[in-house]
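Sequence lines set the chain letters: A, B, ... in the order given, protein chains first and strands last, and positions in each chain run from 1.
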Amino acid sequence: MKDWLERIHSTLAQHLVQVLKVNAVHNRSTLPPFRFSAIAQQFLAALKEFAGSRDPLAARAVGRNLAEQGLGLRTVLAIGRRLLDDALGEPAPGAETAAGSRDRVLGLSDFMASVLEGISAGETQTITRQRDDIQSALERIIAEREKTLRLMIQELSTPIMPVFDQILVLPLIGEIDDERAQRIAERVLEEIVLKKARVILIDVTGIVTLSEQAAMALLRTANAVRLLGARPILVGLSPLSARVLAQRDLELAGLVVESDLQHGLEQALQLSGASPRRPRKTVPIGSKA
Amino acid sequence: MTIDSTRPHVGRIYDFVLGGHHNFEVDRQAVAEILKLVPYYPELARLNRWFLQLVASRWSAEGAENVLDLASGLPTQGHFNDYLPAARILFCDNDPLSVSYGQELLQGRPHQQYIQADLRQPEALLNHRA
């Protein structure tokens with residue numbers, strides 16, 4: 001068998017490359033055509049090694065290695081068929097006996113059986129690993145998304161506080177994406193109607209940088225507030241946020257802006273015509289007021 | 001973009017037609033439908049991937065050190081990271097599943113990163129340094 005392999009090595013290599021080309025699409029895409037020649041040489045080197053050692057484990061390992069490189073089962077079967085065809089079709093040289101020819105075919109058959117075992121095992125391992133990988137990636141994303149949503153819900157739980165008659169304060173912290181902006185708008189409008197508010201202070205002191213997206217969302221909310229007959233006041237704008245608004249030339253017409261909550265509250269009191277109430281007199285429990 | 005494993009996903013579909021297994025049953029069913037209309041889709045996908053591998057192997061031989069890959073999909077089935085293990089590569093996609101898996105795959109390779117970015121908003125991509 002070894003003699004046969006050495007004798008027609010280049011022919012066999014050409015045949016294997018041809019088989020690899022014909023079956024290219026049956027391999028995984030990890031095996032590009034420009035590597036077919038190297039694969040053919042690796043296959044023949046392993047076969048030659050097997051001819052000397054007859055070690056099925058070594059041939060099996062070769063099969064696993066070829067599977068890892070992307071060689072498909074169908075292609076290996078086609079290679080086996082081609083090699084068998086070459087082995088049977090090779091005219092026996094004068095010195096070769098019938099037993100030698102039989103040994104060549106049986107050796108080839110044994111080699112292919114072990115390689116196919118290796119290919120199959122390698123394929124199974126690859127399938128399991130890749131499917132596990134994608135599943136765990138999906139689970140991790142879901143876990144991350146849930147964590148983000150939990151945090152967002154916590155942030156959304158920030159109450160809209162009535163500080164005086166007809167004056168509300170909405171303190172905002174953290175990121176404002178489209179979903180949160182929508183919820184803020186809904187809650188603000190609900191509370192304005194519910195509390196019959198005339199002014200709402202939107203306090204963005206807790207937002208270091210107001211993104212353009214968030215600024216746009218707040219301006220839309222402010223416009224909606226005005227449609228309900230109330231006045232929005234934006235307070236606590238950071239220098240970075242102010243720059244975002246200025247750079248993007250966002251329309252602030254009609255929106256009162258104050259530096260901080262205190263000034264905003266003073267402005268709100270003027271706009272609403274309200275006056276601060278005196279603190280209620282504390283009455284001990286059980287006493288008659 | 002939402003993550004939904006009950007609906008087919010283009011990145012996983014592409015992985016499947018390339019011979020990969022980073023996909024779900026719903027993706028494989030979608031491929032079966034696609035093949036009814038475009039039976040040569042796997043050949044086209046492979047040709048595309050083999051071209052990428054050919055380019056990557058040449059870049060490797062020439063010592064290319066920086067690669068920006070746009071709309072990377074799943075970095076599997078013989079992607080740039082396989083052919084250019086020493087290069088600085090920035091992969092990107094707008095799909096969170098592809099990004100998450102890519103980040104997992106590239107763990108231990110600080111010079112190769114995968115970020116979520118959308119070409120329609122290129123600032124994030126251009127500001128990122130791999």
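- Contacts between residues 16-30 of chain B and chain A, counted as heavy-atom pairs separated by less than 4.5 Å, involve B:Leu18, B:Gly19, B:Gly20, B:His21, B:His22, B:Asn23, B:Phe24, B:Arg28.
- At least one donor-acceptor pair closer than 3.5 Å links the side chain of B:Trp50 to the backbone N or O of A:Ser29.
- More than 12 heavy atoms of other residues, nucleotides or ligands lie within 6.0 Å of CZ in B:Arg109, so this atom counts as buried by the packing criterion.
- Using a 4.5 Å heavy-atom cut-off against chain A, no residue of residues 60-71 of chain B qualifies as contacting.
- With sequence neighbours excluded, the residues forming a side-chain hydrogen bond (donor to acceptor under 3.5 Å, both in side chains) with B:Asn48 are B:Tyr14, listed by chain and number.
- For chain A, the nearby part of B:Leu74 is the side chain; its heavy atoms alone come within less than 4.5 Å.
- With a threshold of 4.5 angstrom between heavy atoms, A:Arg35 approaches chain B through side-chain atoms but not through N, CA, C or O.
- The environment of A:Phe34 atom CZ is dense: over 12 non-hydrogen atoms of other residues, nucleotides or ligands sit within 6.0 angstrom.
- Both the backbone and the side chain of A:Arg131 come within less than 4.5 Å of a heavy atom in chain B.
- Counting non-hydrogen atoms of neighbouring residues, nucleotides and ligands closer than 6.0 angstrom, the CD atom of A:Glu117 exceeds 12 such neighbours.
- For A:Arg28 against B:Arg46, the heavy-atom pair with the smallest separation is CA-NH2, 4.1 Å.
- Of the atoms belonging to B:Thr76, not a single heavy atom falls under 4.5 Å from chain A.
- Atoms CD1 and OG, on A:Ile142 and B:Ser100 in that order, are 10.5 Å from each other to the nearest 0.5 Å.
- Residues of residues 10-27 of chain A lying within less than 4.5 angstrom of chain B, judged on heavy atoms, are A:Ala24, A:Val25, A:Asn27 in numerical order.
- B:Arg49 places no side-chain N or O within donor-acceptor distance of the main-chain N or O of A:Thr30, the cut-off being under 3.5 Å.
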